[in-house]
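Okay, structure first, notes after.
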Amino acid sequence: MNKKEILQISNSIKQQLNGGMLYDAFMALRQLSEQAMAYEITDRIKQCEQTYAYMLRYMSQGSDDPSRQTVYSGIVQQLRQFLDLLVRRMLTPETPTLYYNVLRTLNLRGEDSVAREVESYIAIDEVPARSRDELRERERLQRRLFDIIWVQFPLTVADEAAVRLLLVSDVPSEVKCLAVGAVTMGLLEFYDSRRLALLVDAYQNTDPQVSVRALVGLLIGLFRYRNRRLDDGTLTRLDMLRDNTQWSRDLTAAFGELARTRDTERLTRQLTDEVLPDLMKRGRDLADRFRNSGMNPEDIAENPEWEALLDQSGLSDKIRRFSEIQESGGDVYMATFSQLKQFPFFNEISNWFMPFTTRRSEFADLADSPVVELMGRAPYMCDSDKYSMMLSLGMMPQSQRDAVFGQLGRQVDQVREAMEHSTDTTGTANRLSLINSYVLDLYRFFKLFRRKGEFFNPFDGTFNLIRVDALASDFTDPEVLRAMAEVYFKIGAWSDALYIFEKLTAIDGPRADVYQKCGYCCERRGMWAEAFDHYSHASTMDAKDVWSLRRMAGMQRKLGDTAGAIATFSELERLLPDDASVALQAGYAYLAADDYREALNRFFKIDFLHEDRREHLAPMAWTQMLSGDFSGARATYKRILLSGADMHDYVNMGHLEWADHNIADAINYYLLAIEQAKGDVKKVVDDIRADSQALEKMGVDTGEMPLMIDALLYSRF
């Protein structure tokens with residue numbers, strides 16, 4: 001049985017379990033187990049089925065059993081684990097992914113266990129590694145520790161106890177963080193209640209790095225299995241966490257950071273395509289002006305004239321935009337450092353989960369350099385980017401490296417002093433910084449690791465913790481919901497923003513601004529009717545809400561409710577009698593209703609009140625044509641020609657002359673339209689054909705359209 005067939009059967013059994021069809025699930029699992037020759041699992045399946053049969057017998061006899069639902073849930077959990085064990089067992093021999101490669105290697109050794117590896121590592125770590133070779137050996141052991149914690153499934157009682165021991169031992173913080181990363185990655189492969197328990201408890205570790213990494217791993221795991229009922233032990237542990245005053249703040253902060261990653265690709269494009277190239281260009285131009293003036297750029301703060309020059313060049317705006325993205329939590333370094341993940345260091349999966357540390361063989365020659373300390377303290381940069389930077393510096397020729405180190409070394413005292421004057425280096429602000437850094441590290445792993453396609457990716461655009469039932473009680477605070485909804489709204493995640501705004505309304509009651517945003521989310525998703533309903537609610541709550549009225553009218557037009565749109569525009573015209581855009585949109589609505597007189601009244605109103613505007617001229621000329629006022633339309637098109645006509649304008653002028661029986665002039669205008677379309681004849685011909693109904697209203701015999709089009713085509717030669 002190949003991988004595709006195994007996964008198809010697995011998905012079928014999962015659907016049976018989700019649908020409560022346990023009879024079918026038992027039968028399918030027995031068959032799968034027999035095919036896998038997993039006789040010990042077959043026996044466990046039969047024992048579980050016997051328990052289920054006893055429960056059903058008691059129920060059929062009318063026995064009252066208050067624990068029935070708990071027993072049922074436990075049986076379902078067991079069946080899910082049996083399925084995972086069977087799938088894993090059947091995929092292990094030939095699946096070429098990294099997870100199964102590591103698993104096969106460990107299976108060949110046979111004697112390895114999590115407990116043995118942990119005990120061995122703790123004993124070895126008591127002796128500090130001094131030479132580069134000793135550091136390399138220590139790193140090899142750390143990789144083995146990561147691997148065995150990662151692929152062991154399910155964790156046994158002894159495995160769980162060993163990891164707990166490691167997390168409270170005296171090993172360095174980075175090793176504990178490595179173990180948390182391995183627990184998380186194993187959880188993302190297969191559901192394991194002991195891994196969830198470890199992450200819950202590790203969150204309460206006194207080491208903030210360990211704590212926040214466990215928190216993020218826990219949240220990603222809960223989202224991964226959001227459609228799965230968690231075991232009672234995990235639910236109890238989560239309930240206990242809610243007694244911790246730090247939990248709510250950390251949960252909200254981590255949720256916000258994880259949600260914001262969905263905007264990283266857009267920000268990266270904006271930075272690489274717009275901000276940074278312009279910043280570099282303007283910077284070079286400004287540098288040339290500095291050199292020509294003979295002035296030292298470092299003295300700029302003392303010279304208001306040069307400050308004004310910065311503003312005039314646009315450089316200040318670009319720098320300010322870059323800073324705003326950075327300060328709002330945007331990932332400004334992804335584009336830069338994504339190119340620096342090609343070092344062999346990043347081929348090892350465990351290195352992506354290792355916090356930045358100077359205790360690395362790669363930095364053995366730099367142990368006493370202040371640059372390493374500076375890198376460790378660098379704000380905004382995540383750990384993998386710090387490794388990228390240090391590895392890049394290590395590739396430089398010695399002379400260049402010394403020059404760079406000399407420049408950076410002078411900044412160490414400034415950074416150290418800034419850190420010493422920081423008001424919060426261990427509390428909430430520090431935890432927020434650590435959460436942000438770890439989320440960036442994870443994002444880079446799942447987006448840049450050489451075998452990234454082999455893993456469940458929490459950053460694929462669906463992450464939303466409010467959809468996790470196990471966390472439902474954590475998201476009842478209206479302010480938290482509002483903050484998260486705004487995050488999704490800001491990054492354009494319309495479905496998730498709508499989901500949270502609607503939940504907020506159910507908890508906090510109706511608010512006009514929330515209805516507006518719900519409407520906008522629906523509109524962006526193409527849900528016109530739902531958008532109209534939300535805008536209508538907002539308008540009802542605020543009689544002067546012209547923004548919602550505008551959107552309502554727009555939705556009515558999209559829905560084909562011309563009469564409704566006209567009624568809404570009438571209300572808008574009452575509130576904004578001199579507003580040109582309202583008059584323009586009202587004119588379009590009347591035009592759609594074939595009420596040419598009222599449409600022209602609006603276009604003439606714009607002409608009278610706003611002489612400088614031009615957007616009403618094209619629909620005005622079109623309406624004049626449809627109403628039979630060819631001379632008026634011709635005069636309007638002359639004004640359009642003076643302000644710059646586009647392809648569609650020339651096509652419409654051709655329609656006008658055709659309707660007025662000036663065939664030669666019509667063809668000339670169509671030729672000008674082709675010229676405007678850069679020779680795209682098909683585009684113009686399609687435009688002409690699309691207007692056949694309008695041409696009929698103008699009195700054109702559209703039966704002659706093929707002749708007109710051929711005449712146009714022949715006239716080009």
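Model, not experiment: these values are computed from the prediction.
For the 3.5 Å distance criterion, the side chains of H616 and Y588 fail to qualify, holding no donor opposite an acceptor. Defined by atom type and a distance below 3.5 Å, a donor-acceptor pair is present between the side-chain atoms of Q585 and R557. Under 3.5 Å, the side chains of R550 and S581 contain a donor-acceptor pair of N or O atoms.
For the pair D579 and K605, the salt-bridge criterion is not met [side-chain N within less than 4.0 Å of a carboxylate O]. In summary, E265 and K447 engage in a salt bridge, as defined by a charged side-chain N under 4.0 Å from a carboxylate O. A salt bridge is defined here as a Lys NZ or Arg NE, NH1 or NH2 lying under 4.0 Å from an Asp or Glu carboxylate O, and R444 with D441 fails to meet this definition. Residues D508 and R482 are paired through a salt bridge, judged by an N-O separation under 4.0 Å between the basic side chain and the carboxylate. With salt bridges taken as basic N to acidic carboxylate O contacts below 4.0 Å, none links D542 and R511. The pair E523-K558 does not meet the salt-bridge criterion, since no charged nitrogen lies less than 4.0 angstrom from a carboxylate oxygen.
The side chain to side chain contact (heavy atoms under 4.5 Å, CB included) search around Q516 returns D513, A538, D545, W547, S548, not counting sequence neighbours. Partners of A485 according to the side chain to side chain contact (heavy atoms under 4.5 Å, CB included) rule, which considers only residues two or more places apart in sequence or in another chain, are I500, F501.
Distance check, rounded to the nearest 0.5 Å: CG of N662 to CZ of F630 gives 10.0 Å. How far CG of L219 is from CZ of F255: 9.5 Å, rounded to the nearest 0.5 Å.
Checked against D607 for a salt bridge (charged side-chain N to carboxylate O under 4.0 Å, His left out), the options R639, R602, R613, R614 give a single hit: R639. Partner of Y520 under the ring pair (Phe, Tyr, Trp, His ring centres under 6.0 Å) criterion, out of W494, Y515, F532, Y535: W494 alone.
Under a 3.5 Å cut-off, the side chain of D460 and the backbone N or O of T462 do form a donor-acceptor pair. The backbone N or O of G564 sits less than 3.5 Å from a side-chain atom of D561, completing a donor-acceptor pair.
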Practice task
Quick one: do Y596 and Y590 satisfy ring-ring contact (aromatic ring centres under 6.0 Å, His included)? Show the steps, please.
Solution key: CA-CA 7 Å; Y596 305 134; Y590 280 112; over 10 Å; no
Practice task
For D385 and K341, run salt bridge (charged side-chain N to carboxylate O under 4.0 Å, His left out): C-alpha distance rounded to whole Å, both residues' side-chain angles, the deciding distance at 0.1 Å, then the answer.
Solution key: CA-CA 9 Å; D385 287 353; K341 303 299 186 209; 2.8 Å; yes
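Within 6.0 Å of atom CD in E454, more than 12 heavy atoms from other residues, nucleotides or ligands are found, so the atom counts as buried in its surroundings.
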